[in-house]
Amino acid sequence: MTQDDRIKLEPSWRDALREEFDQPYMHELSAFLRREKAAGKVIYPPGPLIFNALNSTPLERVEVVILGQDPYHGPGQAHGLCFSVQPGVAPPPSLQNIFKELKRDLNIDPLGHGYLQHWADQGVLMLNTSLTVEQGNAGSHAGAGWQRFTDRIIEVVSERRPHLVFLLWGAHAQSKARLIDPTRHLILKSAHPSPLSAHRGFLGNGHFSRTNQFLRQHGMQPIDWQLPAQV
């Protein structure tokens, strides 16, 4: 996979996931992606950004995990971090609701962009459970093998990192709680920030302040959720 797409994986993740890349399902996934591209389909995010969540947040630096489902499937949006969009792209509705909760919870004002790299750089693993998607076709790669790979990522961080906070928004993310050791980590659940469900428990969940409170209690640096003005 990494050789096929000429993608370099951050060393700590490469070591932790080495056996996964040798599994038949990963070879099948790689072949699937090659076939889709050969058929002229546009795949998001661009190849070098497929593993951006891992490359941005080395295993030994993970403090918080936010789980998404699919990359955004519109042109120029996805860059490998869940819920985040590339600079210059307007924040989609779910991300707008995340910013509303940040304002309510921590009085942090949105800055008009939705580039969340600042969070990833601080130890927030921003993982979609499918790492690719076909343009305009949500969920199109959900059955291609990514779920098994990202399930293993969740297991690895649960096993190897102490005192993490997992933010599980919506039923899909919450289904991954079975992979997390609740005796070691804080698992926070709520509705998804989508406009369809945000008012059923996402808005008002206080997850950002509760995350920082937990990190402080365990002697860790809280996350600076305030995005930089310039990206």
Side-chain angles (χ1 to χ4, degrees), residues 1-2 4-10 13 29-30 32-57 64-103 108-122 124-147 149-150 153 167 169-170 172-173 192-198 202 225-231:
M1 170 72 74
T2 50
D4 290 340
D5 291 332
R6 292 193 289 274
I7 295 171
K8 293 183 178 179
L9 194 61
E10 190 277 327
W13 284 114
L29 174 56
S30 182
F32 166 77
L33 293 173
R34 288 198 300 272
R35 288 195 305 271
E36 293 291 280
K37 292 175 184 176
K41 295 181 180 179
V42 177
I43 306 300
Y44 296 129
L49 295 176
I50 289 175
F51 295 107
N52 192 28
L54 303 179
N55 290 333
S56 295
T57 312
V64 179
V65 180
I66 299 178
L67 287 183
Q69 191 163 353
D70 263 352
Y72 293 120
H73 52 78
Q77 292 180 304
H79 66 107
L81 303 183
C82 69
F83 295 107
S84 180
V85 289
Q86 302 205 52
V89 176
S94 290
L95 184 51
Q96 291 179 30
N97 283 329
I98 290 172
F99 290 154
K100 286 180 183 177
E101 177 55 20
L102 267 174
K103 174 63 175 176
I108 291 176
D109 290 311
L111 296 175
H113 71 81
Y115 186 61
L116 306 182
Q117 186 72 42
H118 178 61
W119 297 356
D121 292 342
Q122 297 177 76
V124 182
L125 179 62
M126 307 191 64
L127 184 68
N128 281 312
T129 57
S130 293
L131 298 189
T132 58
V133 70
E134 179 187 343
Q135 177 177 312
N137 190 3
S140 50
H141 292 183
W146 282 127
Q147 302 270 345
F149 180 70
T150 55
I153 293 171
L167 303 181
W169 299 332
H172 177 76
H192 193 275
S194 161
L196 298 175
S197 57
F202 177 80
W225 298 106
Q226 176 67 71
L227 297 174
Q230 300 295 325
V231 293

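Computed from a prediction, not measured in an experiment: that's the story for all the values here.
- The distance from atom CG of Asp70 to atom OG1 of Thr129, rounded to the nearest 0.5 Å, is 7.0 Å.
- A pairwise comparison of heavy atoms in Glu134 and His73 identifies O-CB, 3.7 Å as the closest pair.
- Atoms CD1 and CH2, from Ile98 and Trp225 in turn, are 9.5 Å apart once rounded to the nearest 0.5 Å.
- The aromatic ring centroids of Trp119 and Phe83 lie 6.0 Å or more from each other.
- For the pair Trp169 (side chain) and Ala198 (backbone), a donor-acceptor distance under 3.5 Å is absent.
- At least one donor-acceptor pair closer than 3.5 Å links the side chain of His113 to the backbone N or O of Pro228.
- What you find for Glu10 and Leu54 is that their closest heavy atoms are CB-O, 3.9 Å.
- A donor-acceptor contact shorter than 3.5 Å links the side chain of Gln122 to the backbone of His118.
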Step by step, would you call Tyr72 with Leu95 a side-chain contact (heavy atoms from CB on, under 4.5 Å)?
CA-CA 11 Å; Tyr72 293 120; Leu95 184 51; 4.2 Å; yes

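- Residues His79 and Gln117 form a side-chain contact, since some pair of their non-hydrogen atoms from C-beta on lies under 4.5 Å apart.
- With contacts defined as side-chain heavy-atom distances shorter than 4.5 Å, the pair Gln226/Leu111 qualifies.
- Between Ile153 atom CD1 and Trp146 atom CH2 the span is 8.5 Å, to the nearest 0.5 Å.
- A donor-acceptor pair is defined here as one N or O able to donate and one able to accept, closer than 3.5 Å; such a pair exists between the side chain of Ser140 and the backbone of Asn137.
- Taking the side chain to side chain donor-acceptor pair (under 3.5 Å) definition, one finds that Ser197 meets it with nothing, sequence neighbours left out.
- For the atom pair OG of Ser56 and CG of Leu116, the computed distance is 11.0 Å after rounding to the nearest 0.5 Å.
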Does the side-chain contact (heavy atoms from CB on, under 4.5 Å) test come out yes or no for Leu167 and Val65, once each step is laid out?
CA-CA 6 Å; Leu167 303 181; Val65 180; over 6 Å; no

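- One finds the CD atom of Glu36 at 5.5 Å from the CD1 atom of Ile43 (value rounded to the nearest 0.5 Å).
- Looking only at distances, a side-chain donor or acceptor of Gln86 sits under 3.5 Å from a matching main-chain atom of Ala78.
- For Lys103, the side chain to side chain donor-acceptor pair (under 3.5 Å) partners are Asn107, Asp109, not counting sequence neighbours.
- Summarising the geometry, atom CG belonging to Leu49 is positioned 11.5 Å from atom CG belonging to Leu131; distances are rounded to the nearest 0.5 Å.
- The shortest heavy-atom contact between Val89 and Gln77 is CG1-CG, 3.9 Å.
- Summarising the geometry of Ile66 relative to Cys82, their closest heavy-atom pair is O-SG, 3.4 Å, with the distance given to 0.1 Å.
- For the pair Ser84 and Gly114, the tightest heavy-atom approach, listed with the atom from each and the gap, is OG-O, 3.3 Å.
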Using the side-chain contact (heavy atoms from CB on, under 4.5 Å) rule, take Gln69 and Ser130 through it: C-alpha gap first, then chi angles, then the decisive distance, then the call.
CA-CA 6 Å; Gln69 191 163 353; Ser130 293; 6.0 Å; no

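- Nearest heavy atoms, Gly112 versus Pro91: O-CD, 3.8 Å.
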